[in-house]
Amino acid sequence: TYCSDPQLTRADDFAKKLRQVLQKLWDVVVSPIMEHLLPTLPAKSRIWWCQTSHLCALPLHAAGIYSGDVREAAHDRCVSSYTPNLAVLLEAKRRRATSSGSAQPSILAVSQPETPGQPAIPSTRVEVQKLVDMTSNVSWFNGPSATRGAVLEQMKHHSWIHLACHGVQSPERFTDSAFMLHDGPLRLSDIMAQSFEHTQL
């Protein structure tokens, strides 16, 4: 159909291109890996993605087919996590195996439905609410309460972190990549400068 609003036309074009990229990721990368792994894994297993080079800029967890009659996506079949390298993953598993106690992990959840200077993503509230509905051990920072300082400080006290917000990548200097919080970007360099004993991002 003809659309006279150029903003809507651009949004439709972007959505179409995004669906094409996610389907290509599904066809070429994610689906073949899952077809190889899933016969030996239970449903909704956790898969750790260790990406390299330009693949680091692509959302493997969102890969899938989102148009047509057949709809299938990575998040329907597994829980995706990322690790920068295998050494980090092995160290995290070693710490987990040697940590004492069996207390339920505490979760820091951040939602940014209306970040200044960014497009609105109101569904982040719904996303975190679903997390809260699943477990009672969640500290939720929403909107203006999710400042860089507050989130960095709370990261020290929680074992898991869930960020529902915009993110930006810096291909030239990866440590400038950031999560967009209410008062500005929380850069990877800010996070890396901290010491977190039991945190998973």
Side-chain angles (χ1 to χ4, degrees), residues 1-3 7-86 88-90 92-93 96 105 107-115 118-135 138 140 142 159-169 171 174 177-180 188 200-201:
T1 57
Y2 173 74
C3 176
Q7 293 259 358
L8 290 176
T9 303
R10 281 195 297 272
D12 289 343
D13 287 344
F14 175 78
K16 181 179 179 182
K17 287 176 184 171
L18 181 60
R19 285 193 297 271
Q20 290 171 346
V21 168
L22 294 177
Q23 180 162 348
K24 191 73 166 178
L25 268 180
W26 175 257
D27 292 339
V28 175
V29 180
V30 175
S31 181
I33 291 172
M34 287 192 173
E35 292 306 318
H36 179 74
L37 291 177
L38 288 182
T40 62
L41 295 175
K44 280 290 190 179
S45 290
R46 186 174 189 180
I47 293 180
W48 289 90
W49 300 106
C50 184
Q51 298 157 274
T52 60
S53 189
H54 296 297
L55 199 58
C56 292
L58 296 171
L60 298 184
H61 65 278
I65 302 170
Y66 295 96
S67 58
D69 295 332
V70 178
R71 298 206 175 204
E72 191 172 20
H75 55 76
D76 294 326
R77 301 177 66 180
C78 73
V79 175
S80 290
S81 294
Y82 293 88
T83 182
N85 56 60
L86 293 180
V88 169
L89 179 58
L90 291 171
K93 287 185 173 289
R96 181 179 176 188
I107 302 171
L108 169 62
V110 174
S111 55
Q112 288 288 275
E114 295 172 356
T115 309
Q118 302 292 323
I121 41 174
S123 57
T124 59
R125 237 188 247 106
V126 175
E127 180 179 324
V128 175
Q129 183 60 58
K130 288 184 179 182
L131 186 63
V132 171
D133 292 343
M134 287 191 288
T135 179
V138 179
W140 184 358
N142 178 62
S159 47
W160 291 356
I161 301 165
H162 181 90
L163 293 152
C165 61
H166 284 288
V168 294
Q169 291 185 322
F174 80 93
S177 300
F179 300 101
M180 304 305 291
L188 290 186
Q200 298 185 53
L201 182 61

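Quick caveat: nothing in here was measured; it's all calculated off a predicted structure.
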How close do [X] and [Y] get, heavy atom to heavy atom, and via which atoms?
| X | Y | result |
| --- | --- | --- |
| Met34 | Cys78 | CE-SG, 3.0 Å |
| Thr124 | Ser111 | O-CB, 3.7 Å |
| Leu25 | Pro59 | CD1-O, 3.9 Å |
| Gln112 | Asn142 | NE2-C, 4.2 Å |
| Val110 | Val128 | O-CG2, 4.1 Å |
| Ala74 | Leu60 | CB-O, 3.8 Å |

Please confirm whether the backbone N or O of Lys24 pairs with a side-chain atom of Asp27, one donor and one acceptor, at under 3.5 Å? no
Sidechain-backbone polar pair: His166 side chain, Pro119 backbone, donor-acceptor under 3.5 Å: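 At least one qualifying donor-acceptor pair exists.
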Under the salt bridge (charged side-chain N to carboxylate O under 4.0 Å, His left out) rule, what do Glu114 and Arg125 come out as? Steps first, then yes or no, please. CA-CA 10 Å; Glu114 295 172 356; Arg125 237 188 247 106; 5.1 Å; no
So how far is it from [X] [atom1] to [Y] [atom2], rounded to the nearest 0.5 Å?
| X | Y | atom1 | atom2 | value |
| --- | --- | --- | --- | --- |
| Ser31 | Arg77 | OG | CZ | 6.0 Å |
| Arg19 | Ile65 | CZ | CD1 | 13.0 Å |
| Ser81 | Arg46 | OG | CZ | 3.5 Å |
| Leu18 | Tyr66 | CG | OH | 8.5 Å |
| Leu22 | Lys17 | CG | NZ | 14.5 Å |

Is the centre of the His61 ring less than 6.0 Å from the centre of the Tyr82 ring? yes
